[in-house]
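Bear in mind that the values here come from a model prediction, so they are computed numbers and not experimental data. All residue numbers refer to positions in the sequence shown, counting from 1.
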Amino acid sequence: LRREVTLLRILRQALGERSDIARLIDWQLDTQPAFLETEHTEGGDLERFAARRGGIGEIPDEDRLEIVAGAAVALGAAHSIGVLHQDLKPGNILVVEDAESGRPKARLTDFGVGHVLDRDLLSSPGITVNKLTQTLLSSHSPGGTPLYAAPEIFAGKPASIQTDVYSLGVVLYQLVVGDLSRPLAPGWERDVEDELLRADIAACVDGSPERRLGSATELADRLRGLSARRSALEEKERSRRRELEERRRV
């Protein structure tokens, strides 16, 4: 709890109030019972949100992709100041319904096993770290959920921004196929008909961290630009066909 309180305070101090990261309201850690209170999210986490609607497969495709895009933006913001989440999964993505459109929006929560990449963050004004310095700086911290963990974690290598990107890619895969319990296993590509989404997932879950997307924000841009990308791909295919037809005539 101390770890999460510290990271949420660092995030708030550096990024300000954000609707896509759960807001820390109060905490009590010195006496029992210890507690941490964050703002209430009526939709609950993604798993509960989906269950109340008959399963993730019953949620429109565009809403599923927007949830991932929103989580990616929040994750990218945390990464921009050097904070890793390290346990990204549907259970740690809360869902808020937009007051105007009624569409679901993502809100990240549970930074309890996260850490910081920059020691200077721990000296921020008003942040008390006490005995947590090494824990917060450790990139080999225990925790996380195996189903969403990048392969380098199992190899004992340090976590990085690309480690979180991998987890995000697994979540995207699960939402695309409509199954929040399905693991990413060899042959997963056969489950994804859309070639652009297949490419997006692959760019997140490459076995080599250095070959993954450079940021979570890049995935958000890809997903939110999916319609334009499809149009461009279709136009490219039409151009290819016209060129072939012209060659046949010659």
Side-chain angles (χ1 to χ4, degrees), residues 4 7-8 11-12 14-25 38-81 83-114 144-145 147-148 161-182 184 197 200-201 203-205 213 215-227:
E4 182 161 15
L7 288 175
L8 287 175
L11 287 167
R12 180 178 180 180
L15 301 172
E17 294 286 0
R18 294 182 62 96
S19 62
D20 55 5
I21 296 178
R23 181 168 57 93
L24 179 64
I25 296 175
T38 57
E39 63 183 314
H40 175 65
T41 302
E42 187 173 347
D45 65 38
L46 181 52
E47 294 173 335
R48 294 180 182 179
F49 177 79
R52 286 198 295 269
R53 285 158 178 73
I56 192 66
E58 297 303 313
I59 297 174
D61 292 346
E62 59 269 26
D63 286 348
R64 284 185 252 170
L65 295 180
E66 179 54 32
I67 289 172
V68 180
V73 169
L75 190 63
H79 289 166
S80 73
I81 64 162
V83 173
L84 300 187
H85 190 285
Q86 290 194 242
D87 194 20
L88 192 72
K89 60 184 179 181
N92 287 336
I93 298 174
L94 304 177
V95 181
V96 183
E97 291 189 353
D98 184 80
E100 295 183 2
S101 67
R103 295 188 63 190
K105 298 172 63 179
R107 174 180 289 160
L108 283 191
T109 190
D110 196 353
F111 282 79
V113 297
T145 304
L147 184 61
Y148 301 90
I161 287 174
Q162 277 63 47
T163 303
D164 277 349
V165 168
Y166 181 95
S167 302
L168 192 62
V170 178
V171 173
L172 173 59
Y173 165 70
Q174 291 180 329
L175 266 68
V176 168
V177 301
D179 185 350
L180 294 179
S181 66
R182 190 177 303 187
L184 188 84
L197 288 174
D200 292 340
I201 296 169
C204 291
V205 302
L213 292 182
S215 71
T217 307
E218 187 176 345
L219 178 63
D221 292 341
R222 284 187 176 213
L223 295 179
R224 288 174 172 171
L226 193 60
S227 179

Determine, step by step, whether His79 and Leu84 satisfy the side-chain contact (heavy atoms from CB on, under 4.5 Å) criterion, reporting the C-alpha distance in whole Å, the side-chain angles of both residues, the deciding distance to 0.1 Å, and the verdict.
-> CA-CA 6 Å; His79 289 166; Leu84 300 187; 3.7 Å; yes

How long is the span from the CD atom in Glu66 to the CG atom in Leu223, to the nearest 0.5 Å?
-> 8.5 Å

Okay, side chain of Asp164, backbone of Gln86: is any donor-acceptor separation there less than 3.5 Å?
-> yes

Shortest non-hydrogen contact between Ile56 and Arg64, atoms and distance = O-NE, 3.4 Å

Minimum side-chain heavy-atom gap Leu88-Leu108 below 4.5 Å = yes

Report yes if the side chains of Ile25 and Glu39 come closer than 4.5 Å at any heavy-atom pair, otherwise no.
-> yes

Rounding to 0.5 Å, atoms CG (Leu197) and CZ (Arg222) come to a distance of 10.5 Å

When rounded to the nearest 0.5 angstrom, what distance separates CG in Leu94 from CD1 in Ile67?
-> 11.0 Å

Side chain to side chain, Leu219 and Cys204, heavy atoms closer than 4.5 Å | yes

Here the gap from Leu180 atom CG to Ile93 atom CD1, rounded to the nearest 0.5 Å, amounts to 9.5 Å

Sub-3.5 Å donor-acceptor pair from the side chain of Arg48 to the main-chain atoms of Gly43, do we have one?
-> no

Keeping the roles fixed (side chain from Thr145, backbone from Tyr148), state whether a donor-acceptor pair exists under 3.5 Å.
-> no

Considering only NZ, NE, NH1 and NH2 on the basic side and carboxylate oxygens on the acidic side, decide whether Glu17 and Arg12 come within less than 4.0 Å.
-> yes

Work out which heavy atom in Ala220 is nearest to a heavy atom in Ala69; give both atom names and the distance.
-> CB-O, 3.5 Å

Closest contact, heavy atoms only, Ala22 versus Leu8 | O-CD2, 3.9 Å

Determine whether Arg224 and Leu226 make a side-chain contact, defined as any pair of heavy atoms from C-beta on separated by less than 4.5 Å.
-> no

Atom of Val165, atom of Ser215 and distance for their closest heavy-atom approach | CG2-C, 4.1 Å

Which atoms form the tightest heavy-atom contact between Glu47 and Pro90, and what is the distance?
-> CG-CB, 3.8 Å

Here the gap from Ile59 atom CD1 to Phe49 atom CZ, rounded to the nearest 0.5 Å, amounts to 5.0 Å

Should Lys89 and Leu147 count as side-chain neighbours, where that means a heavy-atom distance under 4.5 Å?
-> no

Carboxylate-amine/guanidinium proximity below 4.0 Å for Glu97 and Arg53 = yes

For Pro104, does its backbone N or O pair with a side-chain atom of Asp63 as donor and acceptor, under 3.5 Å?
-> no

Start with the C-alpha gap between Leu46 and Asn92, add the side-chain angles, then the distance that decides, and say whether side-chain contact (heavy atoms from CB on, under 4.5 Å) holds.
-> CA-CA 8 Å; Leu46 181 52; Asn92 287 336; over 6 Å; no

Search all heavy atoms of Leu213 against all heavy atoms of Gln162 and return the closest pair with its distance.
-> O-NE2, 3.2 Å

Can you find a pair of side-chain heavy atoms, one from Arg103 and one from Lys105, that are under 4.5 Å apart?
-> no

Could you tell me the separation between the CD atom of Glu218 and the CG atom of Asp200, rounded to the nearest 0.5 Å?
-> 9.5 Å

Close side-chain approach of Phe111 and Leu11, heavy atoms under 4.5 Å | yes

Val73 and Arg18: CA distance, side-chain angles, deciding distance, side-chain contact (heavy atoms from CB on, under 4.5 Å) verdict | CA-CA 11 Å; Val73 169; Arg18 294 182 62 96; 3.8 Å; yes

State, yes or no, whether a side-chain contact exists between Leu65 and Val176 at a heavy-atom distance under 4.5 Å.
-> yes

Applying side-chain contact (heavy atoms from CB on, under 4.5 Å), run through Ile21 and Thr109 and close with a yes or a no.
-> CA-CA 6 Å; Ile21 296 178; Thr109 190; over 6 Å; no

